[in-house]
Undergrad: 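Dropping the structure in here first, questions after.
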Amino acid sequence: MPTNSTVKEFGKNTEYKGNAIEKIKNLADDLDLAIDDYELNQVGERNNQERGLDIIGWLPFNDKCGNKVVFFANVLVANNMNPNNTTQDVLKII
């Protein structure tokens, strides 16, 4: 990633603290995004995990519009992973 990009962990080892709602709010602040309250209210207050987002990265454009490219990643680690597996084989494992 370019030097002006940001990459953060968002899974269990995240710097974002609190329940899933607080983590999502803090991430939205970092991304300068407004949250849809209806969608956020679908997340339970006792939910501490965000359902699979492990890594997030973003790359801002050098314009005054606030646009950025955002990457969301989920990391899969399994005991039966084989380096010869195709993407389709990995999806079967999931």
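All values below were derived from every heavy atom in this structure, side-chain atoms included, with hydrogens, water molecules and symmetry-related copies excluded. Heads up: numbering here begins at 1 and tracks the sequence.
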Undergrad: Taking side-chain contact (heavy atoms from CB on, under 4.5 Å) as the definition, give me every residue that meets it alongside Asp63, ordered by chain and number, with sequence neighbours left out.
TA: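 With neighbours one apart ignored, the set is Phe61, Cys65, Asn67.
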Undergrad: How close do Asn74 and Leu53 get, counting heavy atoms only, and between which atoms?
TA: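 In this case the closest contact between Asn74 and Leu53 is ND2-N, 4.4 Å.
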Undergrad: Listed by chain and number, what are the side-chain hydrogen bond (donor to acceptor under 3.5 Å, both in side chains) partners of Asp30, not counting sequence neighbours?
TA: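 Expected list: Lys8, Tyr16.
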Undergrad: Is a side-chain donor or acceptor of Thr6 paired with a backbone partner of Gly57 at a separation under 3.5 angstrom?
TA: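 Answer holds: no.
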Undergrad: Nearest 0.5 angstrom please: Leu27 CG to Phe10 CZ, how far?
TA: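 That separation rounds to 5.0 Å.
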Undergrad: Val69 versus Trp58: any side-chain heavy-atom pair under 4.5 Å?
TA: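 SC-SC contact between Val69 and Trp58 ruled out.
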Undergrad: Identify all side-chain donor-acceptor contacts of residues 31-43 below 3.5 Å with residues at least two apart in sequence or on another chain.
TA:
from, atom 1, to, atom 2, distance (Å)
Asp36, OD1, Tyr38, N, 2.9
Asp36, OD1, Glu39, N, 3.3
Asn41, ND2, Asp37, O, 3.0
Gln42, NE2, Tyr38, O, 3.1

Undergrad: Side chains of Asn62 and Asn4: does their closest heavy-atom pair fall under 4.5 Å?
TA: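 Side chain of Asn62 against side chain of Asn4, heavy atoms only: contact under 4.5 Å found.
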Undergrad: Let me confirm one number: the NZ-CD distance from Lys17 to Glu15, rounded to the nearest 0.5 Å.
TA: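 Going from NZ on Lys17 over to CD on Glu15, the span is 8.0 Å.
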